[in-house]
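Order of the sequence lines sets the chain letters (A, B, ...), proteins ahead of strands, with each chain counted from 1. Side-chain atoms are counted along with the backbone in the values below, which use heavy atoms only and exclude waters and symmetry mates.
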2 protein chains.
Amino acid sequence: MSRASDRAYEAIRSMILSGELPAGAQLAEEALAERCGVSRTPVREALRRLESDLLVTRTDTQRSFVADWSIDDVADAFELRALLEGKAARRAAERMTDAALARIRDANRRLGDAIRRPVPDVTVFLDANRDFHAAILDVAGSRRLAALLATLIEQPVVWRTAHHYGREALNRSYGEHEELIAAFARRDGPWAEAIMTGHILRAYHAYADAHRGLAERDQREAAE
Amino acid sequence: MSRASDRAYEAIRSMILSGELPAGAQLAEEALAERCGVSRTPVREALRRLESDLLVTRTDTQRSFVADWSIDDVADAFELRALLEGKAARRAAERMTDAALARIRDANRRLGDAIRRPVPDVTVFLDANRDFHAAILDVAGSRRLAALLATLIEQPVVWRTAHHYGREALNRSYGEHEELIAAFARRDGPWAEAIMTGHILRAYHAYADAHRGLAERDQREAAE
DNA sequence: ACAAAGAGTATTGTATACAAATACCGCAGG
DNA sequence: CCTGCGGTATTTGTATACAATACTCTTTGT
C-alpha cells in the first residue's frame, strides 16, 4: 500500500465513505492531488478505480463527482448482493474444507465477542463480519464472483449508518451466521444459499430502518 | 472514441479477442504504445480497464499479461451470466413497455434474417444478439446489474468459436428469443427468468461442444 | 429582458523525462 | 547440474509540462 496510487485510492475512498466528500461533490484531480500529497497521475488512476467501484461517477465530459447513492440504488445493490452472496454460500457449502470452516467459525466468534460487550464494539463487529464473508467467498472459489461482489460490498451510506444498528440487529446477524455455519458443516448448499439470501435481505431492511430513523431525526433537528 | 486512451483500449482489446495477442503474452506498456501510436499514459489507462474486464491479469509485481481463460473460467463466467441475465430478464418482464418490446422484437427479427440466409451471417447474428440482450438490460433498469454483466459478456474464446456454431444452435437461439418475447409480452417475470437462464446455459454447452470439436481438430493436425 | 457569442478560467488528456522496481543473464561455487 | 549472487537491461511508477476541452461569466445584439 505504499505506492502513491494506492495511497490516493485509500485516501479518496475513505473521504467518500466518511462523508468528508459529500455526494455530488466535484472531484478535481489537481485539488485531490494536493490533498493526498501526490501528483495527478496516481490520482487519475485512483479515480478510475473508484469509478469502477461506482463510488464515483463521471459526466459525459469526463468530470468526476462523488456518486449519489439514493435509497433505490442501495436497495438495488442489496438485491444483487443477496443474489450473488447466496450463490457464493451455496458454492462454499459444496466445497467446504475443515480448515476453511475453522476460519469462518473463528470470525463469528470474534463477532460474537464484539456484540456481547456492555457497549457493542461496532468497529470490531464490522471487521469480523467482513472476514466472515470474505472467508466464504474464498471457499466459493470463483475469481469472477469475488470480483463482482467486490463492487457491491462497500457502500458509503451503509458504512455511516452501521453505527446506529440496534443490539437486536447485531444479535440476529450473529445468529444467522451460526446457522450458516451449521449449513456449511453439513455441506448443504441449498440451505446455505437460503440463509445467506435472507441474511442479506434482512440486513438491507435493518439498514433501511436505521436510515429512516436518521432521516426523521435530521428533519426534527432542521425544524428546531 | 477519438481519445487516445479509447483508441488504445479498443486496439488492445481487439488484439486480445482476435487472438493476435495470445493468452499468456506479456503486455509491455512501451511496446503497446508504439503499436497503438500513442504514448504510454493512455496505454496504462487502457490496461487498467482491460484488467477490470478480466481480459488482462497482473502479476504481484505489476506486469500485465493476456488473461488465460481456461475452460473452467469460461464455465464459471457462463454460470454467473446465467444467474444475472436471468435476474435481468425477470426485472425486464416486470417493467416492460411497448416501445422496449418493439425494440426487442426488431433485434430478433434481424437475428432471424441473418440465420435464414443460404450461408448464415455470423457477424450480423452476433450484432443482433448483442442488441437483443442490451435492450433487455435497459428495460431491467439497474445500472449496477448492467455494470456487473458488462464484465461477463465479452469473452475472448467465445468470440473466436462463435463462427463454428452449427445452424441448429443458431436456430435454437432464435427460438428461445421468441419464447422470451412471449414471456415479456405477458409481463411474466418468472417465465422470462427461467427461459433466459436456460438460454444462457444452453449457449454455454453449444460453446463447449464447438470448443471440444476445435480442440480435437487441432490435435489431429498436430499429429500429422 | 433574453439569447447567443466569446473571452478567460478551470479541468482534463497526452507526452515525456526520470526514478524505482523487477526480471533476465552470466558466472562462480557447491 | 543446480543454486545463489551481481550487474545490466527491461519494465513500471510518478511528476511535470503543455495541449485540448469544457465551464463560466460578461458582453452584445435583437
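To the nearest angstrom, P of C:dT14 lies 6 Å from CZ of B:R3. Rounded to whole Å, the distance from CG on B:L47 to C1' on D:dT11 is 12 Å. The nearest whole Å value for the distance from the CD atom in B:Q62 to the P atom in C:dA23 is 10 Å. Atom CZ of A:R7 and atom C1' of D:dT14 are 11 Å apart (whole Å). Atom-to-atom, CD of B:E29 to C1' of C:dA20 comes out at 14 Å; the value is rounded to the nearest Å. Residue B:E30 contributes atom CD, which lies 17 Å from atom P of C:dA19 at whole-angstrom precision. If you take CZ of A:F65 and P of D:dA22, they are 14 Å apart, rounded to a whole angstrom. Look at CZ on A:R40: it is 11 Å from C1' on D:dC18, rounded to the nearest Å.
Judged by distance alone, with hydrogens and angles left aside, the side-chain atoms of A:R187 form a donor-acceptor pair with the main-chain N or O of A:M96 at under 3.5 Å.
Take the nearest nucleotide of DNA chain D for A:D60 and for A:V38: the residue whose nucleotide is more 5' is A:V38.
Here C:dT12 is the nucleotide among C:dT16, D:dT12, C:dT12 with the atom lying nearest to any side-chain atom of A:R63. Here C:dT22 is the nucleotide among C:dT14, D:dA15, C:dT22 with the atom lying nearest to any side-chain atom of B:T61. Each of C:dT14, D:dG13, D:dA15 was ranked by its minimum atom distance to the side chain of B:R44; first place goes to D:dG13. Here the side chain of B:S39 is nearest to one of C:dT14, D:dT12, C:dG13, namely C:dT14. Picking from D:dT14, C:dT14, C:dT12 the nucleotide with the shortest atom distance to the side chain of A:P42 gives D:dT14. Checking D:dT16, D:dG13, C:dT11 against every side-chain atom of A:Q26, the shortest atom distance belongs to C:dT11.
Here the rule is salt bridge (charged side-chain N to carboxylate O under 4.0 Å, His left out) with A:D76, and of B:R91, B:K87, B:R143 only B:R91 fits it.
With contacts defined as side-chain heavy-atom distances shorter than 4.5 Å, the pair B:E79/A:R144 does not qualify. Residues B:I115 and B:Y165 have side chains not in contact (no heavy-atom distance under 4.5 Å, counting atoms from C-beta outward).
Heavy atoms of B:L27 sit under 4.0 angstrom from primed sugar atoms or phosphate atoms, though from no base atom. In this structure, A:T41 reaches the bases: a heavy-atom distance under 4.0 Å links it to at least one base atom across the strands shown.
Remark: B:D121 does not engage B:R110 in a salt bridge, criterion side-chain N to carboxylate O under 4.0 Å.
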